[in-house]
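See below for the structure under consideration.
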Amino acid sequence: MRCPLSLRALTAVGLLVVSFGAPLQAQDTQKLDKVSFGTNWLAEGEHGGFFQALADGTYKSYGLDVTIVPGGPNVNNRIMLLSKKLDFDIAANNLQSLDAVANKVPVVAVAAIFQKDPQVFIAHPQAKVTKLEDLKPLTLFVSKEGMPTYFQWLKSEHGFSEDHVKPYTSNAQPFLADRNSAMQGYVTSEPFAIEQKAKFKPTVILLADYGFNAYSTFIETRADLIEKNPDLVQRFVDASIIGWYRYLYGDNSAGNALIKKMNPEMTDALLDYTVAQMKEHGIVDSGDTVKNGIGAMSDERMADFFSTMVRAGVVRRDIDFRKAYTLRFVNKGVGLNLRPVP
């Protein structure tokens, strides 16, 4: 469901594969487990904790020699995962995990890095939008991926209609030309792009604040890897969690340097904005993570989201949603000591 604005989508950067850090001696390399991890887009701040763990040596300290394989508009890293060319990848949200169960794809979510889905609607200040309900009279630019997913939730739970919907094609121009419209985006990026391009601060409505309780940015792996090497899965999850704490609350310059190396379209200003928005809205660290640590998941929330999507007609009632994830590797308080004291 990744439908980014041209700021990211039109990047001229090739899809790179990077392993980062000080060169290892041959004997040291043999002590590390090689791990390949596929992201769901080009290198960006929304992946910051993973790049931080790679750049600052956290993965290495957990005995892992990690290679990050970025995604992109024509890349399907889940296929790479299934073919064992990757060991882990990112699943965008619960719906991708439920789709895997429905289609008997043997992958499992092992951690939820984003506690809130970053999906938003962006409106002009002149539209005087202050809450979700205020979007109903506006023209809404929604992607083809958004229509059968979160928009069905808007219809089911909030009474939205498709009458005012127009296609969103990762181009902000139709939205900018119509002050009585709203455009989908991510809270971590598209509002920044609008400010830079149009020189006004848009109104932002985060769907998670109105009950869209999907997790996002799952770490996903194959069921067979969990069975054969649970220690490797645990170490990758734990190291990634540490990387996220350090990226959000510590010196994230190493992680950002690696992101910019892999994707020169990324700027310091955008990366700073992404981190600030993740903190402000509790995208990574909120709710259950306060007690259980980043990556937290719960059976109750999984069940609630599943029931909501069944009501919306997005998923089938006969799916066993419990097969989509496991709590085996999370909720252990890893990294809580790195969280600032309120």
Side-chain angles (χ1 to χ4, degrees), residues 17 19 29-40 47 49-50 53-54 58-69 71 75-115 214-244 288-289 292-303 305-306 315-316 318-335:
V17 177
S19 184
T29 303
Q30 291 172 4
K31 296 176 183 177
L32 300 178
D33 291 310
K34 289 187 176 296
V35 170
S36 55
F37 171 59
T39 68
N40 60 340
H47 305 146
F50 304 114
L54 183 55
T58 298
Y59 283 134
K60 183 180 177 182
S61 72
Y62 277 75
L64 303 173
D65 178 13
V66 174
T67 297
I68 292 182
V69 181
V75 177
N76 187 330
N77 273 333
R78 179 177 273 178
I79 291 177
M80 300 275 283
L81 178 66
L82 292 170
S83 65
K84 300 189 177 182
K85 294 179 180 177
L86 295 176
D87 301 300
F88 300 90
D89 75 347
I90 290 177
N93 53 40
N94 302 59
L95 291 174
Q96 282 196 349
S97 297
L98 291 170
D99 182 68
V101 176
N103 290 287
K104 296 181 171 55
V105 178
V107 295
V108 181
V110 295
I113 298 302
F114 283 11
Q115 295 298 295
Y215 291 115
S216 181
T217 310
F218 285 108
I219 298 176
E220 181 179 70
T221 191
R222 296 184 307 278
D224 71 284
L225 185 59
I226 292 174
E227 180 181 351
K228 295 176 182 177
N229 201 343
D231 174 68
L232 180 91
V233 176
Q234 188 69 71
R235 283 184 286 132
F236 183 77
V237 169
D238 289 353
S240 298
I241 289 169
I242 296 297
W244 271 101
D288 290 339
T289 67
N292 296 331
I294 286 174
M297 299 187 287
S298 74
D299 291 323
E300 295 78 12
R301 184 164 162 186
M302 289 290 192
F305 182 78
F306 175 71
V315 298
R316 301 197 319 261
D318 62 348
I319 293 174
D320 185 355
F321 71 90
R322 289 172 290 269
K323 292 182 178 179
Y325 69 98
T326 178
L327 304 182
R328 178 176 179 177
F329 304 101
V330 292
N331 302 338
K332 300 181 180 185
V334 171

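Looking at Ile90 and His47, their side chains come closer than 4.5 Å, going by heavy atoms from C-beta outward. At a threshold of 4.5 Å between non-hydrogen side-chain atoms, the residues Ser298 and Tyr215 count as touching. Side-chain contact check for Leu82 versus Val107: some heavy-atom pair is nearer than 4.5 Å. The closest side-chain heavy-atom distance from Phe329 to Asp238 is not below 4.5 Å. By the 4.5 Å heavy-atom criterion applied to side chains, Gln96 and Glu220 are not counted as neighbours. No side-chain heavy atom of Asn94 sits less than 4.5 Å from a side-chain heavy atom of Phe306. In this structure the side chain of Tyr62 reaches within 4.5 angstrom of the side chain of Ile242, judged on heavy atoms. Looking only at side-chain heavy atoms (C-beta outward), Phe305 and Leu95 come within less than 4.5 Å of each other.
Atom-to-atom distance recorded for Phe37:CZ and Tyr59:OH is 6.0 Å, nearest 0.5 angstrom. The distance from atom CZ of Phe236 to atom CZ of Phe50, rounded to the nearest 0.5 Å, is 6.0 Å. In this structure, Ile113 CD1 and Met297 CE are separated by 9.5 Å, a value rounded to the nearest 0.5 Å. Between the OG1 atom of Thr326 and the CD1 atom of Ile226 there is a distance of 6.0 Å, given to the nearest 0.5 Å. One finds the CD atom of Gln115 at 6.5 Å from the CG atom of Asp288 (value rounded to the nearest 0.5 Å).
The environment of NZ in Lys332 is crowded: more than 12 heavy-atom neighbours from other residues, nucleotides or ligands sit within 6.0 Å.
Shown here for Lys84 and Lys228, the closest heavy-atom pair between the two residues is NZ-NZ, 4.4 Å. Annotation for Leu225 and Asp87: closest pair CD2-O, 3.6 Å, computed over non-hydrogen atoms. Minimum interatomic distance between Gly295 and Thr289 (heavy atoms only, all atoms of both residues): N-CG2, 4.4 Å.
The backbone N or O of Ala91 lies less than 3.5 Å from no partner atom in the side chain of Asn40, so there is not a single donor-acceptor pair. Arg222 contributes a side-chain N or O that, together with a main-chain N or O of Leu81, makes up a donor-acceptor pair within less than 3.5 Å.
In this model, no donor atom of one side chain and acceptor atom of the other lie less than 3.5 Å apart for Asn93 and Ser216.
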Query raised in the report: After noting the C-alpha distance and the side-chain angles of Asp33 and Arg235, does the key distance pass the salt bridge (charged side-chain N to carboxylate O under 4.0 Å, His left out) rule?
Result: CA-CA 10 Å; Asp33 291 310; Arg235 283 184 286 132; 2.6 Å; yes
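Of the options Lys31, Lys34, Lys60, a side chain to side chain donor-acceptor pair (under 3.5 Å) to Asp65 is made by Lys34 and by none of the others.
Two rings, from Tyr325 and Phe218, have their centers 6.0 Å or more apart.
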Atom pairs and distances, donor-acceptor, side-chain atoms in residues 97-105, under 3.5 Å, two or more places apart:
{"residue": "Asp99", "atom": "OD1", "partner": "Asn103", "partner atom": "ND2", "Å": "3.0"}
{"residue": "Asn103", "atom": "ND2", "partner": "Asp99", "partner atom": "O", "Å": "2.9"}

